[in-house]
**Q** 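I have a structure I would like to understand better, so I am pasting it below and will then ask my questions one at a time.
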Protein chains: 2
Amino acid sequence: MKKENHNINLKNSNLKVTPQRMAVLEALNNLKNHPTTENIKEYVVKNHPNIAVGTIYKTLETFVEKGLVKKVKTEKDVMRYDAIIENHHHLYCEDSERIEDFFDDELNNMLEIYFKKKKIPNFKVKDIKLQIIGTFKGNKS
Amino acid sequence: MKKENHNINLKNSNLKVTPQRMAVLEALNNLKNHPTTENIKEYVVKNHPNIAVGTIYKTLETFVEKGLVKKVKTEKDVMRYDAIIENHHHLYCEDSERIEDFFDDELNNMLEIYFKKKKIPNFKVKDIKLQIIGTFKGNKS
DNA sequence: TCCTAATTAAGAATTATTCCTATTTAGTAA
DNA sequence: TTACTAAATAGGAATAATTCTTAATTAGGA
Ligand SMILES: [Mn+2]
Ligand SMILES: [Mn+2]
Ligand SMILES: [Zn+2]
Ligand SMILES: [Zn+2]
């Protein structure tokens, strides 16, 4: 994703375009595996050695509020972020911190149809995400 | 769930039966909404005013290790625990901290069949959990 | 170019959780 | 029963992630 797009995304959200925000957006788009704030800091610091860590926290919070990024649910004490906004699911590795994206339109359709037919009493479904837990075969975990 | 069962669960896990562990188990079984450590502490303290908060953390960690309870994935900074071990899904309220259990064998079967047929490359599925996000209608949120 | 509300840097403060260690205790075996 | 000992707990210090505070800086508009 190019700088132009970041620029546009920020403006669309009524956010001032600052070097710090551009840097965090770039980190989010380049880092895989649903980065922690720490991961993002490490990436950003390369080009912006003077950025304050509080700014990164604040920036991420702002981005979540504006819907530019999403938080990823985990059972750990560190927050992780997802630069991909479109609906998708996650593969959680049982023995490492690896979390991969999983896209599957067929699955989404199946679930949509299922829950359209079978209502949940007293609950209005807005979104469904799968946590697919298991292990990655082969390559680096 | 009666005290007898707690007793048995602990012994089966090779854990000494202590008043503290009994109390935490009882709290877990009585508190709904996937309690935090704080919730559990508040409950336990009623009958065990002298329990140390560190003991509750340690006890919960031990229970998770032994598979007596599970952690619940959230995007918050407080851990939440689930006394229900059998496979089930969760309804997450968008506007509150409410998380309810959702059991659905038909859904589980559908998913099992789906993923049996459609393999995920390089990933061995062990477990699938749905996060069903939305809002509760009516009653107290 | 100037103005000002928004943003940032820096570091203190907070919160949840973990760690440490002296003391206590559950379970076991004499 | 009693004594023993590994395991568990209490109490409090330490840590780690995150949030808060405030003075200085800056982006974007007039
Ligand atoms: Mn979490
Ligand atoms: Mn924390
Ligand atoms: Zn993702
Ligand atoms: Zn549950």
Side-chain angles (χ1 to χ4, degrees), chain A residues 3-4 6-27 34-45 47-66 68-69 71-81 97, chain B residues 3-4 6-27 34-45 47-66 68-69 71-81 97:
Chain A
K3 277 191 183 169
E4 288 308 309
H6 294 167
N7 220 296
I8 291 167
N9 285 338
L10 290 175
K11 284 186 177 160
N12 286 346
S13 301
N14 281 330
L15 295 175
K16 289 188 178 178
V17 178
T18 67
Q20 291 87 344
R21 284 175 175 160
M22 299 287 276
V24 171
L25 274 183
E26 191 177 320
H34 305 84
T36 63
T37 308
E38 177 65 17
N39 296 149
I40 292 166
K41 194 196 84 187
E42 285 167 7
Y43 187 101
V44 166
V45 155
N47 295 310
H48 295 75
N50 293 332
I51 196 168
V53 64
T55 300
I56 297 181
Y57 278 100
K58 188 68 171 351
T59 300
L60 288 167
E61 185 191 308
T62 304
F63 288 173
V64 169
E65 274 169 14
K66 298 291 185 176
L68 299 178
V69 307
K71 291 181 175 180
V72 179
K73 288 185 172 61
T74 74
E75 48 192 52
K76 292 293 172 56
D77 195 34
V78 275
M79 193 53 59
R80 294 176 67 168
Y81 295 89
E97 301 306 302
Chain B
K3 276 190 182 169
E4 288 307 309
H6 293 167
N7 221 296
I8 291 166
N9 285 339
L10 290 175
K11 285 186 177 161
N12 286 346
S13 302
N14 281 329
L15 295 175
K16 288 188 177 175
V17 178
T18 68
Q20 292 86 346
R21 283 175 175 160
M22 299 288 275
V24 172
L25 274 183
E26 192 177 319
H34 304 85
T36 62
T37 309
E38 177 64 18
N39 297 149
I40 291 166
K41 194 195 84 187
E42 285 167 8
Y43 186 101
V44 166
V45 155
N47 294 310
H48 294 74
N50 294 332
I51 196 169
V53 64
T55 300
I56 297 181
Y57 278 99
K58 187 65 169 350
T59 300
L60 288 167
E61 183 191 310
T62 304
F63 288 173
V64 169
E65 273 169 14
K66 298 292 185 176
L68 298 177
V69 306
K71 291 182 175 180
V72 179
K73 288 184 173 61
T74 74
E75 49 192 49
K76 291 295 170 56
D77 195 33
V78 275
M79 194 51 59
R80 295 176 67 166
Y81 295 89
E97 302 306 302

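Note that the structure is predicted; figures quoted are calculated from it, not measured.
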**Q** Once you round it to whole Å, what is the distance between C1' of D:dT21 and OH of A:Tyr57?
**A**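 Going from OH in A:Tyr57 over to C1' in D:dT21 covers 17 Å.
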**Q** Return the value, rounded to whole Å, for the distance between atom CD of B:Glu42 and atom P of C:dA16.
**A**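 That distance rounds to 11 Å.
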**Q** Represent DNA chain D in dot-bracket notation, 5' to 3'. Only Watson-Crick or G-U wobble pairs with both distances under 3.5 Å count; pseudoknot-style crossings use [ ] and interstrand partners use |.
**A** ||||||||||||||||||||||||||||||
**Q** Tell me: CE of B:Met22 to C1' of C:dG27, nearest whole Å?
**A**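 Rounded to the whole Å, the gap is 15 Å.
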**Q** Whole-Å distance between C:dG27 P and B:Asn12 CG?
**A**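 So the two atoms are 13 Å apart, to the nearest Å.
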**Q** Quick one: are A:Val44 and A:Glu26 in side-chain contact, heavy atoms under 4.5 Å?
**A**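 Side-chain contact under 4.5 Å: no.
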**Q** Apply side chain to side chain donor-acceptor pair (under 3.5 Å) to A:Tyr43 and list each qualifying residue two or more places apart in sequence or on a separate chain.
**A**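 Here the qualifying residues are A:Asn30.
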**Q** Among all residues two or more places apart in sequence or in another chain, which pass the side chain to side chain contact (heavy atoms under 4.5 Å, CB included) test with A:Asn47?
**A**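 In terms of side chain to side chain contact (heavy atoms under 4.5 Å, CB included), with neighbours along the sequence ignored, A:Asn47 is linked to no residue.
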**Q** Any non-hydrogen side-chain atom of B:Leu10 less than 4.5 Å from a side-chain atom of B:Leu25?
**A**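 Of all side-chain heavy-atom pairs linking B:Leu25 with B:Leu10, at least one is under 4.5 Å.
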**Q** To the nearest Å, give me how far apart CD (B:Glu61) and P (C:dC19) are.
**A**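 My rounded result for the distance is 8 Å.
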**Q** Without decimals, in angstroms, what is the distance between A:Asn7 CG and D:dA27 C1'?
**A**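 Atom CG in A:Asn7 sits about 12 Å away from atom C1' in D:dA27.
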**Q** Can you tell me how far CD of A:Glu97 sits from CZ of A:Arg80, rounded to the nearest 0.5 angstrom?
**A**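 That separation rounds to 6.0 Å.
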**Q** What integer distance in Å separates A:Asp77:CG from D:dA17:P?
**A**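 These atoms are roughly 7 Å apart.
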**Q** Go through the structure and list residues passing salt bridge (charged side-chain N to carboxylate O under 4.0 Å, His left out) with B:Lys41, not counting sequence neighbours.
**A**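 Scan of B:Lys41 (salt bridge (charged side-chain N to carboxylate O under 4.0 Å, His left out), adjacent residues dropped) gives B:Glu38.
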**Q** Using the test side chain to side chain donor-acceptor pair (under 3.5 Å), find all partners of A:Thr55 that sit at least two apart in sequence or belong to another chain.
**A**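 Expected list: none.
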**Q** Could you write nucleotides 7-14 of chain C as a row of B, S and -, 5' to 3', where a protein heavy atom under 4.0 Å of any base atom gives B, of only sugar-phosphate atoms gives S, and otherwise -?
**A** SSBS----
**Q** Rounded to whole Å, please give me the gap between NZ in B:Lys76 and P in C:dA16.
**A**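 B:Lys76 atom NZ is separated from C:dA16 atom P by 12 Å.
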**Q** Return the set of residues passing side chain to side chain contact (heavy atoms under 4.5 Å, CB included) with B:Lys71 (not counting sequence neighbours), or none when no residue passes.
**A**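 Expected list: A:Glu75, B:Val64, B:Met79, B:Tyr81.
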**Q** For the atom pair CG (B:Asn50) and CD (B:Gln20), what is the distance rounded to the nearest 0.5 Å?
**A**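 Taking CG in B:Asn50 and CD in B:Gln20, the distance rounds to 9.5 Å.
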**Q** Regarding B:Thr36, tell me which of base, sugar-phosphate or nothing describes its non-hydrogen contacts under 4.0 Å with the strands shown.
**A**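 B:Thr36: no heavy atom of the nucleic acid under 4.0 Å.
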